[in-house]
Structures are given as C-alpha cells and as structure tokens.
Amino acid sequence: MISFQYAFRDEFLEKSIQLSNLKKDKIKHSKEFILWADTKIEELYDWLKQHNFENENEEIEFFKEIKPRIFSRLIFQKEILRLATNIPSGKKLSLRFYEDELDKLSKNLNIDPKFYNYFRSDSNECDHLYFTRKTKKSILETENSHIGFDTKISTCYDNKISTILAHDILIIYIENQIKKNESKIKVKNKMLPNALEAKSKLHWTRNKTELIELVYALHYSKVINDGNSDLKEIAKEIGRTFNIDIKENLYRIFTDIKKRKNSNSKFIQGLADTYQKKLEEENY
C-alpha cells in the first residue's frame with residue numbers, strides 16, 4: 001500500500017500537470033486549482049499533526065523532497081493567476097509586461113545565500129537541522145514568516161525550497177510567454193542588408209556567465225542611452241556583436257550570479273584589476 005504522503009504528492013502533481021496542459025481559460029482553471037489545493041492542504045496538515053515518521057530519513061525526505069514539490073505548485077499557480085489578471089492587452093505591451101516580471105524575479109528571490117547554495121549543491125550534511133521538526137528554531141530568527149510558526153506542519157526551511165522551486169518553474173513559464181509574444185510581433189526590418197546585418201567578426205571567448213555579468217553592470221550603470229535601454233535589448237546587441245546568444249536564460253544566470261558564495265562581481269573586478277595593472281606597467 002502506498003503511504004499517504006506519496007499518494008498525496010502524486011495526486012497533487014497530477015492535478016497540476018493536467019492544469020498546465022490546458023491552453024484556454026487560465027484564470028478560471030487557476031482559481032479552481034487554488035481552491036481545490038487549499039482544501040487538500042488542510043488534509044495534509046491534519047495528517048502531519050498526528051503523524052510520527054518512522055525515522056529521521058523519512059522525515060527529511062518528506063520536508064526536503066515531497067512537501068516542497070507540492071507547495072511549489074500552489075505558489076506557482078497563484079503567481080500564474082496574478083499574471084493573468086494583470087497582463088495588459090496588446091502584443092507589445094504583453095511582451096514588455098513579461099520582460100518586467102522576469103526582471104523583478106531575477107532581483108527578488110529573498111532566500112539567504114548560504115541556504116540557497118546548500119540546496120543548489122545537493123548538500124545533505126545539515127539536513128537533520130533544516131528538515132526535521134524536532135530541531136528547535138532560534139528565537140532570534142528575523143523573518144516575519146516565523147511568527148506564530150507551527151512546528152507540527154513545517155520546518156521553516158521546507159518553505160524556502162518551495163519558494164525556490166516555484167521561482168524556477170515561474171521563470172521557465174515567463175520565458176516561454178516572452179518567446180510566444182516575440183514570435184507574434186512582426187517587426188519590419190528597414191536596415192540595410194549589407195551594412196547593418198553583416199555578421200560581426202568579433203567572438204566572445206570567455207564563458208556566457210561573465211558576459212551577462214558585464215551586461216548587467218552596463219545596464220545598472222545607465223551608460224547606454226542614459227539608462228533608457230531595456231536590459232534584453234542591451235543583451236541582444238552585445239550578444240550580436242560578439243556572436244553569442246545571451247538572451248536565453250539571462251535572468252536565471254543572473255540569479256545564480258547573485259547567490260555566489262564569494263564575489264558576485266568577480267569578472268568585473270578582474271577587468272578592473274587587469275586594467276589597473278597594465279596602466280601601472282606602462283607608467284614605469
């Protein structure tokens with residue numbers, strides 16, 4: 001017999017997948033899923049309040065793997081509903097709306113870097129602290145979400161993983177919406193074919209992440225068009241100059257840059273160090 005937590009997870013994810021395959025009436029179907037999910041989660045909470053896991057490994061698996069996958073889908077659908085009820089009409093306005101949302105996502109994942117790197121690196125040495133209910137949480141925790149926290153149904157950190165997973169699938173969803181809108185917009189190209197469409201002879205020979213770091217530095221410094229240029233437009237033109245496509249996964253890669261354990265601007269700093277060293281050498 002399949003244990004309750006596995007049967008619950010499978011039912012929840014199957015319902016979510018069915019919803020994602022529906023192309024029309026997203027607002028209606030998202031509302032229906034959210035209402036259904038809220039009721040189902042009450043069942044899960046009732047079970048958790050009474051259930052004792054057989055061992056620590058089973059408890060860790062639930063709070064690290066099972067529960068976050070369930071809750072990430074609910075968070076995702078609530079975000080889909082928010083997007084669907086706020087998107088403006090018109091293809092160009094829709095495109096800009098999704099691009100702005102993607103930009104916000106790249107800046108607003110409020111997960112502390114230490115735990116983010118722990119999760120992304122598939123670490124497990126602190127699982128007994130992060131994903132068991134018996135571990136006493138520090139009274140000095142500063143997050144408001146810990147106020148009135150019920151230790152019978154959560155461990156604090158399983159909610160953080162839910163947020164990360166929801167963030168991941170939301171980025172993929174928005175990127176797909178951007179592609180769909182871009183394909184619908186027919187832009188009349190009035191450039192001279194032999195002049196402006198000629199392929200650049202310059203090639204970026206470092207990795208894509210470093211070029212994206214440079215793009216963001218230029219964007220945030222507002223040195224292009226007095227800061228009035230769109231981030232993706234800058235990325236597109238710089239990528240075209242160096243014969244590399246950096247629009248794909250632009251925001252996701254930047255999120256990883258921000259969550260580095262050490263410097264999150266090491267390429268920019270390296271450029272400055274190299275430049276300064278050359279100037280000093282030439283002055284001798």
Side-chain angles (χ1 to χ4, degrees), residues 2-14 16-17 20 41 44 48 51 53-77 79 102 105-138 141-143 145-146 149 151 153-176 206-210 212-213 246 248-267:
I2 300 177
S3 298
F4 174 84
Q5 62 264 42
Y6 299 111
F8 187 95
R9 176 200 61 192
D10 293 345
E11 181 185 6
F12 205 95
L13 296 180
E14 182 180 355
S16 177
I17 291 170
S20 65
I41 284 172
L44 182 65
L48 276 170
H51 181 72
F53 292 97
E54 292 184 4
N55 52 60
E56 188 176 80
N57 287 337
E58 185 183 45
E59 185 172 10
I60 289 171
E61 180 194 19
F62 178 81
F63 286 109
K64 187 178 183 180
E65 304 288 343
I66 297 174
K67 186 168 178 269
R69 289 191 67 193
I70 292 168
F71 276 71
S72 66
R73 289 291 169 171
L74 177 56
I75 295 170
F76 172 67
Q77 285 302 329
E79 283 298 299
L102 203 52
L105 274 176
S106 71
K107 300 173 184 175
N108 297 334
L109 180 58
N110 296 318
I111 303 294
D112 61 277
K114 180 181 177 182
F115 180 76
Y116 183 88
N117 287 313
Y118 178 87
F119 173 68
R120 288 299 195 200
S121 61
D122 291 324
S123 301
N124 56 26
E125 63 271 15
C126 294
D127 282 0
H128 63 290
L129 298 175
Y130 289 146
F131 306 112
T132 59
R133 294 179 292 184
K134 66 183 179 183
T135 304
K136 185 176 181 180
K137 305 299 182 293
S138 172
E141 288 277 15
T142 58
E143 295 186 28
S145 60
H146 296 162
F149 181 76
T151 56
I153 63 177
S154 188
T155 67
C156 291
Y157 292 93
D158 61 89
N159 292 332
K160 295 178 188 290
I161 293 184
S162 299
T163 301
I164 294 172
L165 294 179
H167 183 269
D168 288 348
I169 56 179
L170 186 59
I171 284 178
I172 293 171
Y173 172 81
I174 294 178
E175 285 177 341
N176 287 335
R206 296 289 293 256
N207 64 58
K208 183 182 291 188
T209 298
E210 290 172 333
I212 288 175
E213 188 179 317
I246 55 174
E248 189 76 19
N249 300 331
L250 178 68
Y251 299 96
R252 248 183 291 175
I253 291 174
F254 183 61
T255 297
D256 290 336
I257 289 174
K258 292 195 300 180
K259 298 297 181 180
R260 286 173 180 163
K261 288 183 179 179
N262 300 314
S263 172
N264 50 21
S265 60
K266 61 182 180 181
F267 178 65

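For the numbers below, each heavy atom of this structure counts, side chains included, while hydrogens, waters and symmetry mates do not.
Residues Asp168 and Arg120 are paired through a salt bridge, judged by an N-O separation under 4.0 Å between the basic side chain and the carboxylate.
Taken to the nearest 0.5 Å, the CZ atom of Phe4 stands 11.0 Å off from the CD1 atom of Ile66. Of the inter-residue distances, the one linking Glu65 atom CD with Phe131 atom CZ reads 8.5 Å to the nearest 0.5 angstrom. Interatomic distance, OG1 of Thr163 versus CG of Leu170, reported as 11.5 Å (0.5 Å rounding). Between atom CD of residue Glu210 and atom NZ of residue Lys266 there is a gap of 7.5 Å, rounded to the nearest 0.5 Å. Here His167 contributes atom NE2 and Glu79 contributes atom CD; the two are 10.0 Å apart, rounded to the nearest 0.5 Å. Summarising the geometry, atom CD1 belonging to Ile70 is positioned 11.0 Å from atom OG belonging to Ser16; distances are rounded to the nearest 0.5 Å.
For Tyr118 (side chain) and Cys126 (main-chain N/O), a donor-acceptor pair under 3.5 Å exists by modelled atom type. In this structure, the side chain of Glu56 does not engage the main chain of His128 through any donor-acceptor pair within 3.5 Å.
Not a single ring pair (Phe, Tyr, Trp, His ring centres under 6.0 Å) links Phe71 to another residue, sequence neighbours left out.
Scanning all heavy atoms of the two residues, the minimum distance from Ser154 to Phe63 falls at CA-CE2, 3.9 Å. Smallest separation of non-hydrogen atoms from Tyr130 and Thr155: O-OG1, 3.0 Å. Minimum interatomic distance between Leu48 and Phe53 (heavy atoms only, all atoms of both residues): CD2-CZ, 4.2 Å. Nearest heavy atom pair, residue Ala166 against residue Ile75, reads CB-CG2, 3.6 Å. The shortest heavy-atom contact between Asn207 and Thr209 is OD1-N, 3.1 Å. Taking both residues in full, the closest heavy atoms of Lys64 and Ser123 are given as NZ-O, 2.9 Å, listed atom of the first, atom of the second, then distance.
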CA sep, side-chain torsions, deciding dist, call: Phe12, Ile41, side-chain contact (heavy atoms from CB on, under 4.5 Å): CA-CA 10 Å; Phe12 205 95; Ile41 284 172; 4.3 Å; yes
Does the pair Ile161 and Arg69 meet the rule for a side-chain contact (heavy atoms from CB on, under 4.5 Å), with working shown? CA-CA 8 Å; Ile161 293 184; Arg69 289 191 67 193; over 6 Å; no
How far apart are the C-alpha atoms of Gln5 and Glu61, what are their side-chain angles, what is the distance that settles it, and do they pass the side-chain contact (heavy atoms from CB on, under 4.5 Å) test? CA-CA 10 Å; Gln5 62 264 42; Glu61 180 194 19; 5.7 Å; no
Check against side chain to side chain donor-acceptor pair (under 3.5 Å), Asp127 and Tyr157: CA-CA 10 Å; Asp127 282 0; Tyr157 292 93; over 6 Å; no
Please determine whether side-chain contact (heavy atoms from CB on, under 4.5 Å) holds for the pair Phe119 and Leu165, giving the CA-CA distance in whole Å, both sets of side-chain angles, and the decisive distance to 0.1 Å. CA-CA 11 Å; Phe119 173 68; Leu165 294 179; 4.1 Å; yes
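Within the 4.5 Å cutoff, the side chain of Glu213 has heavy atoms near those of the Ser265 side chain. Looking only at side-chain heavy atoms (C-beta outward), Phe76 and Ile172 stay at 4.5 Å or farther from each other. The shortest side-chain heavy-atom distance between Asp112 and Lys160 falls under the 4.5 Å cut-off.
Heavy-atom neighbours of Glu54 CD from other residues, nucleotides or ligands within 6.0 Å: at or below the threshold of 12.
Donor-acceptor pairing under 3.5 Å is lacking for the side chains of Asn117 and Ser121.
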